[in-house]
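Okay, structure first, notes after.
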Amino acid sequence: MSAKLPVGPTINEAFQFGLNRWITAVRFGWLPVVVISILFVAFFATAFKTEAFLALESGGAEPQGLKDIVRAPLPVFFAGTAVLYVVTVLLISGVIASLFRLVALGEERPGLFHLRVDGPAMRVFLAYLILGVLSFVVMGLAMCIGGLLAGQSPAQGLQAIGHLFAFAMNAQPGQQPPANMLESLSVALKPVMLGGLIGAVPLIYLNVKLTPFPAGSAAENRLLLFGAFRMTFGHFWSIFGVYVLFFLAAVIMGIIFQLVGAIVSLIAEFGAAQGGALAFVGAILALAVSVAALWFQFFMMAVQYAIPAIVYRRLKIGA
């Protein structure tokens, strides 16, 4: 067990992993993404009435409810949606499990085709499900406290948001919401905002303390819920510092990437407008921006999932 989690070397190793192994993230993830895309297309084609959307585009009657645009009974539709969600998260959990085990255990998985739904994938799926439930409980309690302090129910805020969303869906172009709707929304959101402020600290504490939970569950043949709490004892501020540095680096890199991408895109548009050889150069630059954006996403994904695995490994074996 390590005596101290080094913040600098931890974040440096995570970015080095992202820089050197982003292709591995692509290898692990491309097939699950293709499978998920096929499942979504198949579900959309079979569950929804495409003729209703076509009629709407041609100026037909607007659907009055969900039942007007889905083929199956609503309970069957919602059950199918839930199954699709679970399958999607499970396949993504397999990708994350492979990244966790690579960083934490050095487990290499060669080859181009990876579709993992084994024990580590299931444990990662369950770990994130447990984290989601715990976060929901924490925020739910915080919302209740916020409602007590504000003297009203948080449900009123959610209802007001629903009314505004319904107005936005049915409003004509340029139509503004009524003043009384915005006023009631601002009043109703008080317990929600208070709850968010109250729940922020315990939510951060919970997620920092459970940082090794998903990665450790992938590496070991068990769910490491309570083990993660014990493992991170005395390391809260170090782990918190790692995530603060990651957040700051991600924001700065994102801003620089967006600025450079915008400049290159402007040059590409200028070249395309000139025609001839400059149009060809513009097309190459536009393609380069798209490829760079895709690379940046895979790079950041590799860094993001390397961090909890590195924290787990360093706290578990001190290396």
Side-chain angles (χ1 to χ4, degrees), residues 8 11-45 48 50-60 88 91-92 94-96 98-99 102-103 108-115 165 168-169 171-176 243-307:
I11 196 69
N12 178 65
E13 182 183 350
F15 275 96
Q16 288 294 328
F17 177 82
L19 187 63
N20 298 323
R21 301 304 297 265
W22 65 271
I23 295 179
T24 304
V26 176
R27 284 197 302 107
F28 289 164
W30 77 267
L31 183 56
V33 169
V34 169
V35 173
I36 291 168
S37 301
I38 293 173
L39 290 176
F40 266 90
V41 171
F43 180 77
F44 183 87
F48 289 92
T50 53
E51 59 272 15
F53 294 100
L54 294 175
L56 184 61
E57 289 184 0
S58 60
T88 298
L91 291 177
I92 296 300
V95 179
I96 299 171
S98 295
L99 290 173
L102 173 60
V103 176
E108 295 283 354
R109 291 173 63 86
L112 189 58
F113 302 94
H114 296 272
L115 202 63
F165 181 76
M169 293 295 292
Q172 300 297 323
Q175 183 180 359
Q176 298 296 322
Y243 277 110
V244 168
L245 287 178
F246 169 69
F247 174 77
L248 293 176
V251 169
I252 294 172
M253 292 174 65
I255 292 173
I256 294 174
F257 184 85
Q258 291 293 332
L259 287 176
V260 174
I263 294 172
V264 175
S265 296
L266 288 175
I267 297 174
E269 292 176 4
F270 174 79
Q274 301 306 307
L278 287 177
F280 177 75
V281 174
I284 295 297
L285 290 176
L287 178 62
V289 170
S290 299
V291 172
L294 188 61
W295 170 83
F296 186 72
Q297 294 298 321
F298 281 110
F299 165 72
M300 292 306 298
M301 182 187 77
V303 175
Q304 176 185 350
Y305 289 111
I307 290 175

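- Taking each heavy atom of P32 and V95 in turn, the nearest pair found is CG-CG2, 3.6 Å.
- Using cut-offs of 30° and 60° on the angle between ring planes, the pair W295 and F299 is parallel.
- Taking the six-membered ring for Trp and thresholds of 30 and 60 degrees, F257 and F296 have nearly parallel ring planes, at less than 30 degrees apart.
- Between L266 atom CG and L285 atom CG the span is 11.5 Å, to the nearest 0.5 Å.
- In this structure, the side chain of N20 engages the main chain of Q16 through a donor-acceptor pair within 3.5 Å.
- The line from CG of L112 to CZ of F28 is 11.5 Å long, rounded to the nearest 0.5 Å.
- Closest approach of A286 and A268 over heavy atoms only: N-CB, 3.9 Å.
- Contact record, A302 with G18: CB-CA, 3.7 Å, taken as the closest heavy-atom pair.
- The shortest side-chain heavy-atom distance between I267 and V281 does not fall under the 4.5 Å cut-off.
- The closest side-chain heavy-atom distance from V103 to Y305 is not below 4.5 Å.
- Considering only residues two or more places apart in sequence or on other chains, R27 meets the salt bridge (Lys or Arg N to Asp or Glu O under 4.0 Å) condition with none of them.
- Distance check, rounded to the nearest 0.5 Å: CD of Q304 to OH of Y243 gives 8.0 Å.
- Side-chain contact between I307 and I11 is present, with at least one heavy-atom pair separated by less than 4.5 Å.
- Distance CZ/F246 to CE/M300: 4.0 Å, rounded to 0.5 Å.
- Residue H114 comes nearest to L31 through the heavy atom pair O-CB, 3.9 Å, listed as atom of the first residue, atom of the second, then distance.
- Residues L19 and F15 form no side-chain contact, since every pair of their non-hydrogen atoms from C-beta on lies 4.5 Å or further apart.
- Within the model, atoms CG of L102 and CZ of F17 stand 4.5 Å from one another, a figure rounded to the nearest 0.5 Å.
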